[in-house]
Each structure stands twice: as structure tokens, then as C-alpha cells.
Amino acid sequence: MTALPEDSVEKWKSEQASLKQKLVEGDTEEWQTAPGFKGLERVGGVDLSFIKGDDVNACSQLVVLSFPEMELMYEDSQMVTLSAPYVPGFLAFREVPCLLEALQRLERTQPNLLPQVVFVDGNGLFHYREFGVACHLGVLAGLPCVGVAKNLLQVQGVIRSEEHQSQIRALKKGGDSFPLKAASGRVLGEALRSSDSSTKPIYVSVGHRISLDTAVRLTHACCRFRVPEPIRQADMRSREYLRTHFPSADTCG
DNA sequence: GCGACAG
DNA sequence: ATCTTGTCGC
């Protein structure tokens, strides 16, 4: 008998509800409210890359960049075997275990290089139950985290309506943003035009131990291109790892 | 029944 | 997530 996703879903929901109680929404670090983020020196980024046709084996990537220069200070690529499938709303159960391990490896070997904040590919509070992958990793790692999604998750009444498209068109320059308000009126995240030359916004939300305003300003400060540099570097380097370690896998038998 | 569905 | 080179524009 194969365990159907629905079996895990109820357990997953209660685990999300349980961990959510430990979530801290506001700023907890001095650099977060200091002018120019003075005191912030290291920003992290995590991501996973896959080989086409294989959704079980992946390359888990952690990078640490200097702030504000965005120069590489640390890099870790690790092949992992994922135990959970991707289920919308439960991305964390698939990706967090290996990302947490990467952070723990760093803490054990080079604690001085631990990032002061981690950018996560995916949503934080902007989530069906207000506990996305960025919240999940943040709480378990005990580190400030920011969620950045490249695509809009339609949740709690936030939809890709004509009004939404209109708000996007109103974003004129890098740093411009508008709030993503749930039907309840609560602001769950922010759509951000990350640079002058980028039309399609990114969706920023609180992961853990940071305010939404700080998360948005920091994200903008880390953007050279559309995707914040820590996530972009993690993405590029994990793909590069797969290219060199599994050249043209799956073709020709 | 139909559409939506982060990565 | 992955499939994929060139090409148009600033």
C-alpha cells in the first residue's frame, strides 16, 4: 500500500499549526532597524535543483554572501534524496529537512560564517495557513528568514485579478511595492518590483524574526536582477553542480 | 464539476 | 522543479 498524500496531509497540517506557535513576526536584530542595515554582514540563500525526470534526487544548495557587496563567502552543494512529494501548501516537508541539515553543517564547521538572515525560495506568511516554507525553516533553524516567491500563490482571496494586474502596472521603479491583503484585511506579503529593469514582481513575505517592511527593504537591497542575489546564486550553483556531476543524464540509455 | 496548484 | 537558443531591446 502506498501512502497517499492525503494521509500525510492531516499530520502535516497539525505540525504546521504547532510550529506556527513559535513563529516570531517582528524585527529581533539590531541591524534590521539600523540605517543602511549597519551590522549586517552575511546573508544566506538556499535552493534545490533537480535533474529532469527525477523528482527524488536533488542538489541542495546553501550560499552565504557578504552584505552589501554580495560576494561569495561560503558555498555548500549536497546531493540529497527527498522523502516527500511536492504538495502545494506543504513544500516545507519536502525541502526543509535538507536545507536545515546544510545550515547545521555550517554551524558545526564554520559557525563564524552563519548567515544573519536567510532568503528562501518560496513563501513565508503568504500561505494558505500562514506558515510557508520560509516560516518553517526559520522556526526550525532559529534564524531570521525571508520568503521570496517568483509566482503568485492565489491564497485567502488574493487573486490574479484585473485589479492585481493594474497594481503591477503601477509599480514604476525598483523598490516599488503593494501589499497582498487577505480577505480578512491582514497583510500577508508584498508584491515588489525588485529592480528598474524588471517588470514581473516578486512576492516577499515574512519567514521568521523579521518585519514585513524590513523584509521588503532588505530584499530590494539584495537585488541585482529580478531574483535576490542569495537565491539566484544558490540556484545557479546547484544547477552548475548537477551539470558537472551528472552531464546529460537520461539521454541515450 | 471546474479551476487553482510556492517549488 | 525541468524542457531550451537565439533574439530583441535598453
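In the text below, chain A, chain B and the rest are named by the order of the sequence lines, each starting its count at 1.
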Determine the contact category for [X]: base if any of its heavy atoms lies under 4.0 Å from a base atom, sugar-phosphate if only primed atoms, P, OP1 or OP2 are that close, otherwise nothing.
X: A:Ser197; result: nothing
X: A:Asp55; result: nothing
X: A:Asp121; result: sugar-phosphate
X: A:Ile159; result: nothing

Give a yes or no on whether A:Tyr86 and A:Val96 share a hydrophobic cluster (residues Ile, Leu, Val, Met, Phe, Trp, Tyr; joining criterion: side-chain heavy atoms under 4.5 Å apart).
yes
Cluster question for you: counting only ILVMFWY and a side-chain heavy-atom cut-off of under 4.5 Å, with indirect links fine, are A:Val80 and A:Leu140 together?
yes
Answer yes or no: does a side-chain N or O of [X] lie under 4.0 Å from OP1 or OP2 of [N]?
X: A:Tyr86; N: B:dA6; value: yes
X: A:Lys52; N: C:dA1; value: no
X: A:Arg160; N: B:dC5; value: yes

Could you state the atom-to-atom distance from [atom1] of [X] to [atom2] of [N] in whole Å?
X: A:Lys200; N: B:dA6; atom1: NZ; atom2: C1'; answer: 12 Å
X: A:Arg94; N: B:dA6; atom1: CZ; atom2: P; answer: 13 Å
X: A:Gln154; N: B:dA6; atom1: CD; atom2: P; answer: 10 Å
X: A:Phe90; N: B:dG7; atom1: CZ; atom2: P; answer: 17 Å
X: A:Asp235; N: B:dA6; atom1: CG; atom2: C1'; answer: 14 Å
X: A:Leu153; N: B:dG7; atom1: CG; atom2: C1'; answer: 11 Å
X: A:Arg239; N: C:dT4; atom1: CZ; atom2: P; answer: 13 Å
X: A:Phe246; N: C:dT2; atom1: CZ; atom2: C1'; answer: 15 Å

Using side-chain contact (heavy atoms from CB on, under 4.5 Å) as the criterion, point out the one residue from A:His136, A:Glu15, A:Arg129 that pairs with A:Phe90.
A:Arg129
For a side-chain contact (heavy atoms from CB on, under 4.5 Å) check, start with the C-alpha distance between A:Val148 and A:Asp121, then their side-chain angles and the critical distance, and finish with the verdict.
CA-CA 5 Å; A:Val148 178; A:Asp121 209 335; over 6 Å; no
Counting only non-hydrogen atoms, which of residues 125-147 of chain A are less than 4.0 Å from DNA chain B?
A:His127, A:Tyr128, A:Gly132, A:Val133
Report the distance from atom CG of A:Leu113 to atom OG of A:Ser66, rounding to the nearest 0.5 Å.
11.5 Å
Test item: side-chain donor near acceptor, A:Thr28 and A:Arg209, under 3.5 Å:
yes
Answer yes or no: is there a donor N or O on one side and an acceptor on the other, between the side chain of A:Glu229 and the main chain of A:Cys222, under 3.5 Å?
no
